[in-house]
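Letters A, B, ... mirror the listed sequences (proteins, then strands); counts begin at 1.
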Amino acid sequence: MMAAVAVTGREPLDELTLRRAQRGDERAWRALVERHQAAISALLWRLLVGRARHRVEDLMQETFVRVLRALPTFDPKGPASLSTWILTIATRLALSELRRRDPLPESEAPELACHDTPATTIDRRRLGEALARAVMQLPDGQRVVLVLREYHELEYSEIAELLELELGTVRSRLARAREAVRAQLAAIAPELVP
Amino acid sequence: MSHRAPSEDPSLEEPMLDDDARSPLVGIDLSAWQVPPPPAELADAVLARLREPVPVAAAEAPPMATSKRWRWLGLGAAAAGVALAVWGYTARPGDRAAGELVTGAAQHLELGAVRVDSDPGAELRWRRAGQVWSARQTRGAVTWSVPRGETLQLELGPTRGQEQGMTSGQRTTSGAMGLWTNDARLRVEVSMNRTDARVLTASAATSAAVALATVILYQGHVKATSGGVTVNLSAGDVARLVAGQPPAVMSRSVPATNAVVRIEDCDPGQGPLELYRSPNPGQPEVVAVGVYQAGGPLRFELGEESEPNPPRAKPSPPIAATCAGSRQTHHAARAGADLL
């Protein structure tokens, strides 16, 4: 199974708050943003790693502006949960951004990729940096599938829907992405790979 | 954690679980890759931006899925839209009143002498050609005030191109719906309502959606067209327009009161909401019909608000509201009271 990865922002907004947000209630808008901002921030950081770090904050704003403007049309009983719908909007903004930008020179990338806390152990820090670098090397199509599955726990079918891909394509991209990341990790920090 | 719907096809479920179980990343702590927390003022910045109206193109949420064929059609429709917009801006030098709007909050617009008050979520585009305002109200609720001497030609519901933005699993049925007036004050509510019909596509059975509009005419006169049939509406009429069907005039007896009845949190998913007087429980007289959209609010205006703080109407007759499909009364009050 997947490695244990903290996923935030996927608890559903309570129904009343969602209704109020759909009616334009600013307090409910704020609650919605605050509920989902951590997940969207993490998604954009990981998708844009090494490519457009300076655009993360702008795209976070843009994501929520679009979400809240389109919120009256969101159907809570529809095929997508609110969190998946928001992830869809953020992902498409990120992919659009990636299409406009070339990769940064590799020498600039590592310090952009990983955010440490004082409690971070040396090994964990090295693993984090190695993961960031490995994901950074992935083609966009593999990177987005890997991040959505491993860090946001979207179902394969949800990823296929979101990216407008066949289910088989999602599976094959994910398999290639996982292989590539493992190979990169083994090359960068072999002692950290079981 | 969001809900995880099980795959509808059991044959697909097991291989994907195997994919995860056999992942070469099993045993590697992926959470070691930490990223910075979001900025503290994100919500403030977002709300500040939302207080400004923006062009519709910048506010569209992407659809969950569209096929490549629809994508090309969408591009074609977008190109046609751009061409139309360019035409609108250039066809009459000196007359450049054209625009598009999605409202995140209630908005007031003045298009020349025509006043437009939109509810949150309404989507409009318009252009002026001579003395005629040509507009399309794609969704949401808008109150239009068209003074004598101005002409409004209003199309209702999404265009073909916009229909491609429906979420996967939904398909729409089309049919031109529109209004024409040169002297009226009216409220128009547009929504896409799912139907019980099942439409078989190449891949799956999907629910259908039809454009539905409710027109409440406070003053003046309006020609309403749908399903190829045009009817004349006069002050007090409430009409329901469904794509592909003739207009249905629901009421010609809206009481002349100053009441504004506001209903919130009615049980959703029940379709049109009816407001009625019920002197006789067996024969309720429907006085207004509204479209209930995912949480409302839904406002019935039963007459003109002639003063900033209009006096409440006389407390008779009783007014009640029901969700269509059931005669159970969810809220009840007298005219002039807020139904909350």
Nearest-0.5 Å distance, CG of residue B:L47 to CZ of residue A:R30
5.5 Å
Hey, are B:D20 and A:R178 close enough for a salt bridge, meaning a charged N less than 4.0 Å from a carboxylate O?
yes
CD/A:E166: more than 12 non-hydrogen atoms of other groups inside 6.0 Å:
no
So which heavy atom on A:S41 is nearest to which on B:P36, and how close?
OG-O, 3.5 Å
Among the listed options A:V135, A:V56, A:L18, A:L185, the residue most often paired with chain B at heavy-atom distances under 4.5 Å
A:V135
Can you check whether A:F64's main-chain N or O pairs, donor with acceptor, with B:R49's side chain at less than 3.5 Å?
no
Under 4.5 Å from a heavy atom of chain B, the part of A:L146 involved:
side chain
Distance (rounded to the nearest 0.5 Å) between B:Q34 CD and A:R46 CZ
7.0 Å
Within a 6.0 Å radius of atom CD on A:E57, are there more than 12 heavy atoms belonging to other residues, nucleotides or ligands?
no
Below 4.5 Å, heavy atoms only, C-beta onward: do A:R124 and B:S31 meet side chain to side chain?
yes
Looking only at heavy atoms and a cut-off of under 4.5 Å, which of B:P24, B:A43, B:A45 has the most pairs with chain A?
B:P24
Under a 4.5 Å heavy-atom cut-off, does chain B meet the side chain of A:E34, its backbone, both or neither?
side chain
Supply the atom-to-atom distance B:L42 CG to A:M60 CE, rounded to the nearest 0.5 angstrom.
4.5 Å
Within-4.5 Å side-chain heavy-atom neighbours: A:L127 and B:I28
yes
Gap between atom CG of A:L174 and atom CG of B:L25 - 0.5 Å precision
8.5 Å
Within this structure, what is the OG-CZ distance for the pair B:S23 and A:R182, rounded to the nearest 0.5 Å?
8.5 Å
Does the A:Y151 side chain pair with the main chain of B:L30, one donor and one acceptor, at a distance under 3.5 Å?
yes
